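So the structure is just underneath, and the comments pick up after that.
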Amino acid sequence: MATLVELRNTSKTFGTGWFSRKTVALRDFSMAVDEDEPTITALVGESGSGKTTIARLILGLIPPTTGEVLYRDKPLLELSRTERQQFRRDVQVIFQDPFEVYNPFYKVDHALHLPVRKAGLASSRDEAVEVIEGTLRQVGLNPRDTLGRYPHQLSGGQRQRVMVARALLLSPKLIVADEPVSMVDASLRATILENLRQLNTEFGISIIYITHDLTTAYEISEKIVVLYRGVIAEQGDVVPVVQEPEHPYTQLLIGSIPMPDPDQKWQQGLEVVAPSTDATAETMTADYAGCQFADRCPHAMEMCSESPPLYQTASNRVVSCHLYREEAAA
Amino acid sequence: MAASTNGPQSPALDVKNLGVSYFTSSGEVKAADGVTFSIMSGKRMGLVGESGSGKTTTALALMRLIKPPGRITSGTAVIDNTDLLSLNDEEMRNAKLSKIALVPQGAMNSLNPVAKVKNQIIDGLRDHDADYSANQYRELINELLTKVGLSPQVGDMYPHELSGGMKQRVTIAIAISMGPNVIIADEPTSALDVVVQRQIMETLAELQEELGAAILLIGHDIGLMAQFVDTLGVMYAGRLVETGTLRQLLREPKHPYTQMLIDSLPSLERQDRKRGDLRGIPGTAPSLYALPSGCPFHPRCPQAMDICPSEEPVLKVVNDDNQSEQLAACLLY
């Protein structure tokens with residue numbers, strides 16, 4: 001079992017703390033992506049939960065404040081030049097906004113030719129075109145309708161699929177997709193998610209799917225990590241976590257999803273405590289030691305002033321909530 | 001949240017044949033074409049569609065906020081025996097807030113960053129020559145803020161001191177400040193997470209029931225619609241292609257576009273298919289500059305017939321159970 005990328009006890013703190021309080025975006029987070037078994041893992045959480053911070057750590061765009069980011073068991077900062085190049089090919093990203101990732105002065109071809117050239121995937125211009133056209137077809141785009149156009153001439157869905165093709169070009173081992181469908185129309189959302197799953201099943205690429213939308217996470221992923229204010233609330237296989245959520249936050253989140261079904265109205269009697277801005281700011285400071293969810297939790301107890309560890313409640317499942325301390329011990 | 005039921009059976013808002021066009025250098029673009037629907041008092045209607053389908057254009061036209069090169073080209077929109085579309089500017093000013101009010105999309109951009117919340121709430125009242133004393137204003141502001149679930153202290157704060165959800169509550173307080181007959185909510189919660197979204201929609205529903213107003217909710221999230229509205233309209237390429245009760249549209253959609261839209265929804269559990277069986281709608285939305293001839297949906301429609309490219313369908317009754325009609329604009333019927 002070889003791990004491709006691993007976050008080991010990483011934390012990320014923003015702000016200097018000189019004039020304003022430091023904000024902890026991620027606390028002691030660990031996660032590993034296995035090379036031999038491609039999976040789709042969803043990172044789910046509201047804004048400020050740390051999901052994008054995790055993406056940027058994995059991509060090596062920001063260094064962790066504490067802890068390590070490892071590529072094939074070697075810290076990112078210690079990679080040699082060739083290893084770094086390999087890392088850049090193995091780990092690809094699809095960003096949220098398909099409008100801002102393109103340079104509007106270049107045709108979309110530019111965004112596809114650049115990686116081909118940098119990674120030396122083709123020896124001639126004709127070969128490059130061939131590789132690119134093949135990849136576009138693999139994500140269901142017609143090269144004739146796509147190449148030779150400027151980004152503004154394509155729809156949001158097409159642009160996002162060109163980005164999927166760009167990621168696929170380098171035959172990566174891992175794709176980090178940061179909210180890839182949140183700015184795409186509902187009718188195209190399903191198509192792009194289907195593309196992502198294809199990458200996983202047909203090309204053996206692992207996907208880290210970052211989203212705030214639990215329903216799409218449920219549809220395409222195998223594993224799920226529910227984040228809340230920079231810590232893991234609950235983690236496990238997606239079906240048990242969504243069907244029988246254990247952490248009070250996951251329960252609240254799932255109870256609040258509007259179902260497109262006239263017979264399934266919002267769960268009544270669900271205790272909803274709104275987050276207050278003050279409380280959020282306070283719990284996200286470095287010296288706060290309690291459970292992040294305690295101020296909104298209907299089950300909050302005295303011991304919640306101490307941060308709960310990850311209790312293992314089933315073979316593949318952990319929950320950071322003191323309610324499960326006995327179950328985990330048994 | 002139970003859907004509102006009782007109420008007098010007269011339409012609070014009756015829109016007929018609404019047309020909005022943008023006149024650009026490359027020709028006339030019909031952003032809304034022949035849009036016809038009505039909402040009863042105390043009821044909630046949803047309007048869904050992808051971007052560019054004309055749902056926001058319809059909302060802006062009802063508020064008379066279409067700016068050049070856009071123009072309202074046809075139609076009537078009657079509230080309380082007054083046709084909003086034929087009012088002059090001064091009369092429309094008076095109708096806003098008192099007859100029809102808007103809860104805008106993206107509350108973070110719709111409040112004035114340099115004015116206190118309380119001043120923004122009473123701005124509209126002042127504009128309508130409300131003759132209140134300072135004390136009465138203070139009481140009214142406190143009452144409105146309490147109604148939308150905020151503490152009265154919020155009145156003395158500036159928008160940047162509030163969270164996204166609180167800002168959206170302020171816009172709701174402004175919208176209900178003069179007890180309008182119709183509230184238009186344009187994707188009021190699209191930027192908020194699901195927990196806050198639910199709380200805000202529940203507040204909006206309570207207030208609407210208290211006022212007996214009608215709500216037109218614009219959005220693309222059919223899940224949210226299913227929790228909130230009584231009737232639903234589906235827009236495609238500037239036209240209304242299907243309307244009916246929520247149950248009719250979700251359970252027995254007739255227009256192929258509605259059928260595919262509902263089929264493409266991700267869901268947490270569904271008996272009729274297994275997890276991960278995603279179905280998108282093939283093709284892309286047509287450009288309004290070059291609409292396909294006949295039915296604008298025919299190039300993407302799996303059930304298209306020979307006649308579809310040549311004949312433009314109109315809304316027809318396709319299902320008539322008891323008192324609620326379901327209409328669809330499709331040549332299959």
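Just so it is clear, the model here is predicted, and its values are computed rather than measured. Residue numbers begin at 1 in each chain, while the letters A, B, ... track the order of the sequences. The analysis underlying the following values was restricted to heavy atoms, covering all of them including side chains, and did not include hydrogens, waters or symmetry mates.
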[X], [atom1]: over 12 other non-hydrogen atoms inside 6.0 angstrom:
X	atom1	value
B/K254	NZ	yes
A/E244	CD	no
A/E100	CD	no

Q: Pick whichever of B/A226, B/G149, B/G49 has the most heavy-atom pairs under 4.5 Å with chain A.
A: B/A226
Q: Among the options B/D221, B/L224, B/L246, pick out the one with the most heavy-atom pairs lying under 4.5 Å from chain A.
A: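 Top count of heavy-atom pairs under 4.5 Å with chain A: B/L224.
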Q.
For B/R251, is there an ion pair with A/D261 - N to carboxylate O distance below 4.0 angstrom?
A.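 Looking at B/R251 together with A/D261, the answer is yes, because their closest N to O distance falls below 4.0 Å.
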Q | Partner of B/V194 by side chain to side chain contact (heavy atoms under 4.5 Å, CB included), out of A/T215, A/L253, A/I254, A/L214 | A |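 Testing each of A/T215, A/L253, A/I254, A/L214 against B/V194, the sole residue satisfying side chain to side chain contact (heavy atoms under 4.5 Å, CB included) is A/L253.
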Q | B/L265 versus A/P260, closest heavy-atom pair with distance | A | CD1-CB, 3.4 Å
Q) Is there a side-chain contact between B/Q197 and A/P258 (heavy atoms, below 4.5 Å)? A) yes
Q) Hey, does B/R198 have a side-chain heavy atom less than 4.5 Å from the side chain of A/L252? A) no
Q) Where on B/L250 is there a heavy atom nearer than 4.5 Å to chain A: the side chain, the backbone, both, or neither? A) side chain
(Q) Evaluate B/V195 against A/R296 for side-chain contact (heavy atoms from CB on, under 4.5 Å), listing each step before the verdict. (A) CA-CA 12 Å; B/V195 179; A/R296 294 172 69 189; 3.5 Å; yes
